[in-house]
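The next block holds one structure in the form of structure tokens; read it before the comments.
Whatever order the structure lists ligands and atoms in, that order sets their numbers, starting from 1.
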Amino acid sequence: MQIIESVNEMQQLSLKARGEGRSIALVPTMGYLHEGHASLLREGRSRCDLLITSIFVNPTQFGAGEDFEKYPRDMERDMTIAAAAGVDIIFAPKGEEMYPEGYQSWVNVDKLTLPLCGASRPGHFRGVTTVVCKLFNIIQPSVALFGRKDYQQLAVIRRMTSDLNMAVEIIGMPIVREADGLAMSSRNAYLSAEERQKALCLNRALHGVRSAFRGGELSALALRRLATEIIEKETSPVIDYIELRDGTTLEEVATTDGKTLLALAVRVGRTRLIDNCLLGDEC
Ligand code: AMP
């Protein structure tokens, strides 16, 4: 397994591989890898000749006052997990390498980035789409894999690649959870033991709403109220949003169906956690 920090070196190597007819799978990450990332890596391994993961805590997707500085980082551990999943190359550029002095170009997806995390984290998706576009240009992947844990991000990236005719297939992968249902996330490392318990209210809300939906409750208002009640049973969580939206357009719905997305963002202590499910799916 090779570690590459230089954009130029990464791009030359990728262009050469593609020129030789080798397919490339890319899994973009911010590092501090866990089993959720590993599931994407293994799928990428099975699909392409060359498996590349990027590890880059992208400053442009963090707002002022967010956790960019303290985001967990552990390259040694990441290398072990990546190697075990069959990664050929880790692309780990420094900030200045991706955004050199004078940088001023951005990719923006319009309507899909307005609600949910786009509303509570202004500028976040502009940073995400820009860095992913740059990674696609540098790495030339035939396939790129993203987790449905970041449901809106996946929808936005699908839109961007389709709208801008990018020659890369986007694969969405299931949410990987801890045994007790908490969605795996690098940010779970911030949680104290007590907060870790409280954090289970997100998964509890998904289950509660899905079973009410299966029991015949179709009103988005009623289902949203139920999710709010379940989450507010925990004393401290602060709700950022609880929303039921169309799973494709992310537009608000009044009446739900199996393709309706329930999306949650909740602060437990100082940690912002997100989770989601489609009402018709298992979660
Ligand atoms: P991150 O490092 O948090 O930016 O995540 C990198 C990729 O891994 C994104 O496509 C995430 O959606 C995906 N990912 C993160 N956590 C999970 C999880 N628990 N299950 C599946 N995919 C995940």
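Of all the atoms in ligand 1, the ones that sit under 4.0 Å from a non-hydrogen atom of Pro28 are 6 (C), 7 (C). Using a 4.0 Å cut-off to heavy atoms of Phe146, the atoms of ligand 1 that qualify are 10 (O). Interface atoms of ligand 1 facing Ile175, defined by a heavy-atom separation under 4.0 Å, are 20 (N), 21 (C). Each of the following atoms of ligand 1 lies closer than 4.0 Å to a heavy atom of Pro174: 20 (N), 21 (C). Close contacts between ligand 1 and Met184 involve ligand atoms 16 (N), 17 (C), 18 (C), 19 (N) [criterion: under 4.0 Å to a heavy atom]. Near His34, meaning under 4.0 Å from any of its heavy atoms, are these atoms of ligand 1: 15 (C), 16 (N), 17 (C).
Using a cut-off of 4.0 Å between Lys/Arg side-chain N and Asp/Glu carboxylate O, Arg18 and Asp49 are scored as not salt-bridged. With respect to the salt-bridge test (charged N to carboxylate O, under 4.0 angstrom), the residues Lys111 and Glu251 qualify. With salt bridges taken as basic N to acidic carboxylate O contacts below 4.0 Å, none links Arg224 and Glu252. For the pair Asp67 and Arg270, the salt-bridge criterion is not met [side-chain N within less than 4.0 Å of a carboxylate O].
The nearest heavy-atom contact from the protein to atom 4 (O) of ligand 1 is Met30 CG, 3.7 Å.
Remark: Lys134 qualifies as a cation-pi partner of Tyr99 under the 6.0 Å distance and 45° angle criteria applied to the six-membered ring. Both tests hold for Lys70 against Tyr190: distance to the six-membered ring centre under 6.0 Å, angle to the ring axis within 45°.
For the residue pair Asn58/Gln61, the side-chain donor-acceptor check at 3.5 Å is satisfied.
Polar contact check, His37 against ligand 1: a nitrogen or oxygen pair lies under 3.5 Å apart. Checking only distances, Lys149 never comes within under 3.5 Å of ligand 1, N or O to N or O. Checked against a 3.5 angstrom limit, the closest N/O atoms of Val176 and ligand 1 fall inside it. Of the N or O atoms in Gly147, one or more lie within a sub-3.5 Å distance of an N or O in ligand 1.
Among Asp150, Thr29, Leu40, Val128, the residue whose heavy atom sits closest to atom 12 (O) of ligand 1 is Asp150.
In this structure, Glu66 and Tyr71 have side chains that are not in contact, with every pair of non-hydrogen atoms separated by 4.5 Å or more.
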